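Heads up: the structure comes next, in structure tokens.
Being a predicted model, the structure only gives us computed values, none of them experimental. Chain A is the first sequence line, chain B the second, and so forth, proteins listed ahead of strands; every chain is numbered from 1.
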Amino acid sequence: MLEELNNKQKEAVLYNDGPLLIIAGAGAGKTKTLTTKIAYLIEHEHISPYSILAITFTNKAAKEMQERVINLVGEYAKNMQISTFHSFGLRVLRENYDELGYDRNFVIMDSDDSLTVVKKILKELDLDPKMFNPNAIRNKISSCKNEMISPREYERFASSEFEKVVLEVYTKYEDKLKKNNSVDFDDLLILPIKLFKNNDDILDKYQERFKYILVDEYQDTNQAQYILTKLLASKYRNICVVGDENQSIYSFRGANYRNILNFEKDYKEAKVIKLEQNYRSTENILDAANSVIKNNSSRKDKNLWSDKGKGDKIIYFRSYDEKDEAHYVARNIKKLLDSGKSADEIAVLYRTNAQSRTIEEEMLKENIPYRVVGSFYFYSRKEIKDLMAYLRLIHNSKDNVSLTRVINSPKRGIGLKTIASLNEKADRLGVSIYEAIDSGKELEFKNTIEDLKKVSENVTLTELIDKVLDTTGYRKELESEGTLEADIRLENLEEFKSITRAFEDRDGLISLEDFLFEVSLVSDRDEYQDGANKVSLMTIHAVKGLEFNDVFVVGLEEGIFPHMNSLMENSELEEERRLMYVAITRAKERLYLINARRRMLYGKDSINPPSRFIGEIDSNLIESSEEKKEEATVKINKEENFYTEEQEWNVGDYAYHDTFGAGRVVEVSGSLVSVAFKMPYGIKKLMKNHKSLKKV
DNA sequence: CTGCGTGGCATTTTT
DNA sequence: TGCCACGCAG
């Protein structure tokens, strides 16, 4: 078992007495170390799998880890608990819903549902959603919850008008969820904490059960996850966390990489082991990653190295526009495929989902097999959400969110007015909307659901779905539409049935309850399957933990990557840089960095200077693509026709100069502007309308 | 209540 | 650019 490990990894596997922090750089064999460690605990330390809790970042990672441990020690290992924080929280909740004041059949609301609730509350409060962005409010509520700030506590912080609105919405939001017998994602972490804090005996039970706790991707834990871990580990202190602060990319949803930097303060007796040998990438790629990340200030010292040799240089290509960029990517992927490389080993990475579109079009044109991971994933499609809402309603009729979603879909002549008055009645009587229904077309709807409830007791889940689609008229409505779009929706519903069937094949019968819970926590990344023999298109956030021979990073422009919204705060810029670090370290053999001189953005043409991250890579590691030179000359000639119109300049504007690169206007006088460029150029006086100077 | 058209608008990353 | 909210006519 230990043979395949290096010394550091071995040390990490063998140390099982007390807190352990494993600092593992990208590609340093972290998963291997963790799985071997678990296997070792079971086989050599004779720890019951039942006492082991391992937390991973995705459900898929959990499943893989479990499989690998089973391979090492056999089926016996099935009894261990490997899950994400959220699934673990759900499990605790299902075992203790009563103490927390929920009904057995509570439901989980996804972020879309939460947003719907927030919008609804704004309406009830008669607040203009244009003045108070529902999304921003939802995010604020979520971050409060993740930092364990209750509405009552938030009262002390809320001073601005926006915050006061948040406070009001937050209070109502919590109230509504409870009344709906539903919980949101954040509750899955917070409610267990509440439970443990208020019931020593229950906490003790879980501490006794999970004597060994392992947490992967520790740099991405938020406050709630941190506390949850701490509570569980505080008795036996056998806690092992693994992470890399350079790969912390989720602070926007409350992750705090300092949790990893502070581990040694929390556990004074902690042992620290660094895994610094990278088994994934060539030296050039690693050097590039290191030279980028060293521009960040707060990090633990770490020195990633590889014995794979220098390898190919990093290829940089500056395209004319986003179409040209996509074309370049497609052409080079074609070359790779023609030379016998597998599509599985190629990835195109971008900062924002919106960028996938152009790439996708080009892949279609060039007939390259591809898949887009994430973005518009299966469970967020309208027809799937509708079907899910029906199923939830059958399971828990108090679920007002699901009810309002489907009460008029397919059309039943129940409009906004009817729903509003039902809502009001329900509020008045202190019951759910479902319970408040007693007449009209609504009653027909209610009867349909009642019938389905009875049906659900005697049929399999897959059969139930057919019944739902038929008796509600949902299928019929789609069929009568006859559009291509409707056909796709029908196909998706069939696809959904094959998922439920797979569940049934796996576990025999699956109950509606188990299914709803299982499905509400699948993420888009969980859909990612190996061996599809397709090129992967995904955001850098989605690619974490994966690796490819050839990686194309597109859109490396100021304002896109690093993203516009992160330029003001240094901490946010550093997060973008970590994102760049993650992107680079996905590549095993070849890395392509690409950007566009101009690009359509929000319907407008915009010109962006190259990303600063490119400049941070030692230039001797980079080779400019050959194609660049030919194309660039052609394109530059083209460009000259475009930019001769008057340019208005103001102090503070960002500018881009063909020779001097990115700069910022420091003075405007007459027909001249003074622009501060990066060293060695410094401040230059230039003609306002010169072709070489563009506003960014 | 429903369907259609328009105009205004915001656009990061997601368990 | 594409989505969504809104207003209007049937």
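Taking the P atoms as reference points, B:dT11 lies 16 Å from C:dC6, given to the whole Å. Here the separation of B:dT13 from C:dC4, taken at their P atoms, is 15 Å to the nearest Å.
In this structure, A:Y581 has its ring center at least 6.0 angstrom away from the ring center of A:F613.
When distances run from any side-chain atom of A:M600 to the nucleotides B:dT15, C:dT1, B:dT14, the shortest one goes to C:dT1. Taking only side-chain atoms of A:K411, from C-beta outward, the nucleotide of B:dT12, C:dA5, B:dG3 with the closest atom is B:dG3. Which of B:dC1, B:dG3, B:dT14 sits closest to the side chain of A:K417 comes down to B:dC1. You'll find that the side chain of A:H86 is closest to B:dT15, out of B:dT15, B:dT13, B:dT11.
Ring planes of A:F445 and A:Y390: tilted class, angle from 30 to 60°. Using cut-offs of 30° and 60° for the angle between ring planes, the A:Y250 and A:F252 rings count as tilted.
Aromatic stacking is marked for A:F252 over B:dT13, as both cut-offs hold: 5.5 Å for the centres and 30° for the planes.
If you measure from atom CG of A:L189 to atom C1' of B:dT14, you get 13 Å, rounded to the nearest angstrom. Rounded to an integer number of Å, the gap from CD of A:Q247 to C1' of B:dT13 is 16 Å. The interatomic distance linking A:K123 (NZ) with C:dC4 (P) rounds to 14 Å, in whole Å. Rounded to an integer number of Å, the gap from A:I249 CD1 to B:dT15 P is 11 Å.
The shortest distance between the side-chain N/O atoms of A:N408 and the OP1/OP2 oxygens of B:dC1 is not below 4.0 Å. Contact between the side-chain N/O atoms of A:N139 and the OP1/OP2 oxygens of B:dT13 is not found at any separation under 4.0 Å. Contact annotation: A:K441 does not reach the phosphate of B:dC1 (side-chain N/O to OP1 or OP2, under 4.0 Å). For the pair A:T418 and B:dC1, the criterion of a side-chain N or O lying under 4.0 Å from OP1 or OP2 is met. For the pair A:T352 and B:dT11, the criterion of a side-chain N or O lying under 4.0 Å from OP1 or OP2 is not met. Side-chain N/O atoms of A:N353 include one lying less than 4.0 angstrom from OP1 or OP2 on B:dT14.
Between the side chains of A:S248 and A:E245, no donor-acceptor pair is found at a separation under 3.5 Å. Side-chain contact, A:Y206 with A:N96: a donor N or O sits under 3.5 Å from an acceptor N or O.
Contacts of A:F57 with the nucleic acid, taken as non-hydrogen atoms under 4.0 Å apart, involve only primed sugar atoms and P, OP1 or OP2. A:S566 comes within 4.0 angstrom of nothing in the nucleic acid, heavy atoms only.
Nearest-nucleotide positions on DNA chain B for A:S142 and A:R412 put A:R412 closer to the 5' end.
Remark: the A:H563 side chain and the B:dT12 base include no donor-acceptor N/O pair separated by less than 3.5 Å.
Here the side chains of A:M580 and A:I584 are in contact, with some heavy-atom distance below 4.5 Å.
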